[in-house]
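Working notes for the structure below.
Only heavy atoms go into these numbers, but all of them, side chains included; no hydrogens, no water, no symmetry mates. Per chain, numbering begins at 1; letters A, B, ... match sequence-line order. Treat the numbers as computed from the prediction; the structure is a model and nothing was measured.
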2 protein chains.
Amino acid sequence: MPPRELPQQMGARRIDRPVPLRERVYQAMQELIISRQLAPGQHLVESELAEMLGVSRQPIREALQLLNTAGWVDLQPGYGAFVHAPAPEEVDQLLAVRAVLESESARLASTLVDTEGVDRLRKLCAEGEAALDEDNTEGMVAANAELHRTVTELSGNKVLMDFVAQIDSRVQWYFTPIAHVRGHESWREHAELVDAIERGDTEGAGRIMREHTERTRRAYQKQVEEGPEEEPQPQVRSRRRRTAR
Amino acid sequence: MPPRELPQQMGARRIDRPVPLRERVYQAMQELIISRQLAPGQHLVESELAEMLGVSRQPIREALQLLNTAGWVDLQPGYGAFVHAPAPEEVDQLLAVRAVLESESARLASTLVDTEGVDRLRKLCAEGEAALDEDNTEGMVAANAELHRTVTELSGNKVLMDFVAQIDSRVQWYFTPIAHVRGHESWREHAELVDAIERGDTEGAGRIMREHTERTRRAYQKQVEEGPEEEPQPQVRSRRRRTAR
DNA sequence: CTTTCCTAATCTGCATACAGTATACAGATG
DNA sequence: CATCTGTATACTGTATGCAGATTAGGAAAG
């Protein structure tokens, strides 16, 4: 330990190191994928992306590797990178895992009740309801994500947070297009969940969260059955020739 | 489909594409970390690794990124890569997540019973017991890992498999040194688990697995409390000067 | 002797260059 | 006309080079 301690309480936030290019490329590409500007199955040519984003191939490659491990793109060695095209059963499986992890988050959160945390949750509930009333889909999705994230944060388990974060961003991707249907119902469940957490009702919190996410999952399944398919997705999966000059 | 089929039954095994260098570097480094040849907290200098493994820095960098997302090394932008040094509470959290995911695996597996799968599980149980009898720690750890992996595989949920695989390899890393203590007890529980899966006892399978992994977790906690610390770990975390010529 | 500042050397981040491989198109062959 | 084969080309994988950032170590000052 250094002889003299530095007052730890000051703006302990260290100056932000320059964010590596690969991180920013990662973010940019994630957004391009979520917004469907890069379509599922599309071939991602490194040099093209490099030119598009104004950087060299190196940071592009690094970002692609990260996107690969996060499940956003599929990397086929010696072949290329393709935007991941989630199969319906994969989405279902993802939601199943989410259900389990979030349920555990709720259980843990309820054992660490904390008025400050509960306040935050209630505020998010209010925001969500408000967004719902004014038909603001985007705001609703955001509030929903933030609520779930907060519950996980309150669980106090960092590892859990990491995993749930990974899953949630992908769930959001799959979901955004099929505009969240179960509006009021969903937010009523959220409110119940917060109540259970507040009173330290571990079993209740876990059960409610589990039921909640399972219902979401079933809503998704139903949507898939009914809505035949958004588009059959040409599922390109083949290398594309750029300039056939 | 092409008009004329090629006799599909012949040695249909396609020639293995050259495994990218980054993959092999990843494997090599993971092994070096598990075997403690690269100590926790140690600074990993790209050029050094490149020389050591006989490749250029590029594949090293890519492998480091992957190792980072998998939790094996910590990457500090502009600063360097360091072998991850798990804090005790992190290990505990990891085991908690493992407990939940594996329990769910067992539940799902029990709903998809299948004699072939049960046979494989039983065989692994036998192997484990045998290894235990002849005091073969390595074999025991391997059988244990393989058993858990198989249960997850039988769950039929690919996403779950991915996550559990990630967790398990890290759990193995943390565990190998503290030589698995709860020997017979652990394998008795495994046998019970397989029985439950065989008879399609979903709740039982889930419960047994949960209790099993929770017990493992508690065994770890106890070990941590008793064994003060392996070594206080200098926690180097500082860049090292290579050739102070 | 302690603290501060400066300097030098190392290391990372990013760009570019090169080689090998897979693909698509065109021409050849039956 | 259909199918096969050869060749040009584009893309990935790997290596190397360069600039800026960051730290360790030591000199200078209190």
Side-chain angles (χ1 to χ4, degrees), chain A residues 1-6 14-28 42-68 73-83 236-245, chain B residues 1-6 14-28 41-68 73-83 234 236-245:
Chain A
M1 233 181 263
R4 251 179 270 168
E5 284 292 322
L6 195 63
R14 25 173 90 205
I15 195 163
D16 39 337
R17 317 286 219 99
V19 182
L21 220 37
R22 58 166 177 271
E23 298 285 339
R24 291 192 287 179
V25 171
Y26 180 95
Q27 288 293 341
Q42 180 175 343
H43 183 201
L44 300 173
V45 180
E46 295 175 1
S47 52
E48 253 178 280
L49 293 168
E51 199 180 357
M52 186 196 304
L53 299 177
V55 299
S56 81
R57 271 179 58 208
Q58 171 87 359
I60 298 285
R61 276 182 74 79
E62 295 184 353
L64 284 176
Q65 318 256 349
L66 298 185
L67 289 164
N68 176 51
V73 313
D74 299 326
L75 224 45
Q76 265 153 42
Y79 191 76
F82 299 84
V83 179
V236 198
R237 219 116 215 80
S238 86
R239 240 167 167 167
R240 205 202 48 197
R241 207 112 179 142
R242 177 154 53 155
T243 51
R245 53 170 163 205
Chain B
M1 232 181 263
R4 256 180 266 167
E5 286 289 323
L6 195 62
R14 20 175 94 205
I15 195 163
D16 41 336
R17 316 287 220 102
V19 182
L21 223 36
R22 58 165 177 272
E23 297 285 338
R24 291 193 288 180
V25 172
Y26 180 95
Q27 288 294 338
Q42 180 175 342
H43 182 201
L44 300 173
V45 180
E46 294 176 1
S47 51
E48 255 179 279
L49 294 169
E51 199 180 357
M52 186 197 305
L53 299 176
V55 300
S56 80
R57 271 180 56 210
Q58 172 85 1
I60 298 286
R61 277 181 72 81
E62 296 184 353
L64 284 176
Q65 317 257 348
L66 298 185
L67 288 164
N68 176 52
V73 313
D74 299 326
L75 223 46
Q76 266 153 40
Y79 189 77
F82 299 83
V83 178
V236 199
R237 219 120 214 76
S238 86
R239 240 167 170 171
R240 205 202 47 199
R241 209 125 181 127
R242 177 152 53 155
T243 50
R245 53 174 166 202

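Rounding to the nearest 0.5 Å places CG of B:L66 at 12.5 Å from CZ of B:R61. Atom CZ of B:F82 is separated from atom CD of B:Q76 by 5.5 Å, given to the nearest 0.5 angstrom. Between atom CD of residue A:Q65 and atom CG of residue B:N68 there is a gap of 12.5 Å, rounded to the nearest 0.5 Å. Between atom CG of residue A:L53 and atom CZ of residue A:R24 there is a gap of 11.0 Å, rounded to the nearest 0.5 Å. To the nearest 0.5 Å, atom OG of residue B:S56 and atom CD of residue B:E51 are 13.0 Å apart.
For A:L44, the side-chain contact (heavy atoms from CB on, under 4.5 Å) test picks out A:M29, A:L38, A:L49, A:L64, A:V73, A:A81, A:V83, with sequence neighbours left out. Partners of A:R22 under the salt bridge (charged side-chain N to carboxylate O under 4.0 Å, His left out) rule, at least two apart in sequence or in another chain, are A:E62.
Rounded to whole angstrom, the span from the CG atom of B:L64 across to the P atom of C:dT12 amounts to 9 Å. We find that OH of A:Y26 is positioned 20 Å from C1' of C:dG13, with the value rounded to whole Å. Atom pair A:L21:CG and C:dG13:P shows a separation of 11 Å (rounding to whole Å applied). Between the CD atom of B:E51 and the C1' atom of C:dT10 there is a distance of 15 Å, rounded to whole Å. Rounded to whole Å, the distance from CG on B:L75 to P on C:dC11 is 16 Å. With rounding to whole Å, B:Q76 atom CD is found 15 Å from D:dA21 atom C1'. With rounding to whole Å, A:Q42 atom CD is found 13 Å from D:dC11 atom P. Note: CG (B:D74) to P (C:dT12) measures 15 Å, nearest angstrom.
The shortest distance between the side-chain N/O atoms of A:H43 and the OP1/OP2 oxygens of D:dT12 is below 4.0 Å.
Residue A:R57 comes nearest to A:A50 through the heavy atom pair N-CB, 4.0 Å, listed as atom of the first residue, atom of the second, then distance. Smallest separation of non-hydrogen atoms from A:G80 and A:H43: CA-NE2, 4.0 Å.
An angle of 10°, rounded to 10°, separates the two end axes of the helix from C:dC1-D:dG30 to C:dG30-D:dC1, each defined over five pairs.
Contacts between residues 52-62 of chain B and DNA chain D, counted as heavy-atom distances below 4.0 Å, involve B:V55, B:S56, B:R57, B:Q58, B:P59.
The side chain of B:E46 approaches C:dT12 more closely than any other nucleotide in the set C:dT12, D:dT22, C:dC14.
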